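A quick write-up on the structure given underneath.
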There are 2 protein chains.
Amino acid sequence: MNKVFKPYYAVIFTSTQSEYIEGYSEMAGKMESLAKEQDGFLGIDSARNAIGITVSYWQDIESIKKWKQNSEHLIAQQKGRNQWYSWYNVRICKVEKEYEHSLP
Amino acid sequence: MNKVFKPYYAVIFTSTQSEYIEGYSEMAGKMESLAKEQDGFLGIDSARNAIGITVSYWQDIESIKKWKQNSEHLIAQQKGRNQWYSWYNVRICKVEKEYEHSLP
């Protein structure tokens with residue numbers, strides 16, 4: 001029997017860092033911990049080479065809106081815009097289908 | 001005036017590599033080139049540390065289905081399942097909203 005798939009949301013954050021990354025790592029760690037405490041948070045994946053990709057997963061769009069307005073997160077976003085990132089892009093996505101595979 | 005946003009699709013592919021990555025880099029490069037030639041392909045972002053994240057962007061769900069069935073891509077998928085990846089996850093997502101920022 002197939003499990004019924006319940007859609008949820010993903011935020012795809014892609015970015016390139018500026019030269020001025022002082023304080024970035026500390027804040028990134030802090031924001032990841034804080035995100036994990038939010039209502040509706042489901043998970044997060046992150047990797048960075050030439051480009052950084054962080055995908056966070058959320059129960060619904062309301063949880064994403066609340067997290068975007070979180071006061072500590074607002075300060076981090078401002079630092080990101082003004083200092084750490086030379087460029088970034090945010091995509092709000094509805095996850096409609098998912099499949100997974102593991103080696104036995 | 002706001003530009004009207006036209007939704008499109010993202011495929012979030014997250015993976016961890018196995019120990020047996022012979023031939024992987026070559027195939028990854030080949031698949032990225034091949035994806036770029038497909039109808040409906042819009043772009044691709046990739047980064048790998050402990051986890052690999054590749055997000056490809058597509059005009060519609062039909063383009064994704066066709067790419068999934070591409071004969072060369074099917075061979076790569078099989079090698080991925082059987083050899084290169086110890087685990088992977090695929091999420092098909094509708095991009096509903098997007099914003100971008102660049103330093104001036």
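Fair warning: this is a prediction, and the values are worked out from it, not measured in the lab.
For the atom pair D45(B) CG and R91(A) CZ, the distance stands at 6.0 Å (nearest 0.5 Å). Note that OH of Y85(A) is 14.0 Å distant from OG of S102(B), once rounded to the nearest 0.5 Å. I53(A) CD1 to N49(B) CG: the interatomic distance, rounded to the nearest 0.5 Å, is 10.0 Å.
If you measure heavy-atom distances from F13(A) to chain B, you find no contacts under 4.5 Å at all. Only the side chain of Y9(A) comes within less than 4.5 Å of a heavy atom of chain B; its backbone N, CA, C and O stay farther away. In this structure, chain B has a heavy atom under 4.5 Å from the backbone of S46(A), while its side chain stays farther away. Using a 4.5 Å cut-off between heavy atoms, F5(B) does not touch chain A at all. The contact between I12(A) and chain B is made entirely by side chain atoms (from C-beta outward), counting heavy-atom distances below 4.5 Å.
Linking ILVMFWY side-chain heavy atoms closer than 4.5 Å, directly or via other members, places F41(B) and M31(B) in a single hydrophobic cluster. In the hydrophobic clustering of ILVMFWY residues, with side-chain heavy atoms under 4.5 Å counting as a link, I64(B) and V95(B) come out apart. When the side chains of ILVMFWY residues are joined at heavy-atom separations under 4.5 Å, either directly or via intervening members, W84(B) and L34(B) end up in a single hydrophobic cluster. Residues Y99(B) and W87(A) do not share a hydrophobic cluster, defined by chaining ILVMFWY side chains whose heavy atoms lie under 4.5 Å apart. Linking Ile, Leu, Val, Met, Phe, Trp and Tyr whenever their side-chain heavy atoms come within less than 4.5 Å leaves Y88(A) and I44(B) in two separate clusters.
Closest approach of Y57(B) and T14(A) over heavy atoms only: OH-CG2, 4.2 Å. L103(B) and R81(A) make their closest contact through CD2-O, 3.1 Å (heavy atoms, listed as atom of the first residue, atom of the second, distance).
The residue among E96(A), H101(A), K94(A) with the most heavy atom pairs within less than 4.5 Å of chain B is H101(A). Among N82(B), I51(B), I61(B), V55(B), the residue making the largest number of heavy-atom pairs under 4.5 Å with chain A is I51(B).
Tested against E98(A) for a side chain to side chain contact (heavy atoms under 4.5 Å, CB included), the candidates N89(B), I92(B), V90(B) yield a single pass: N89(B).
Remark: D39(B) CG is loosely packed, at most 12 non-hydrogen atoms of other residues, nucleotides or ligands lying under 6.0 Å away. Within 6.0 Å of atom CD in E100(A), more than 12 heavy atoms from other residues, nucleotides or ligands are found, so the atom counts as buried in its surroundings.
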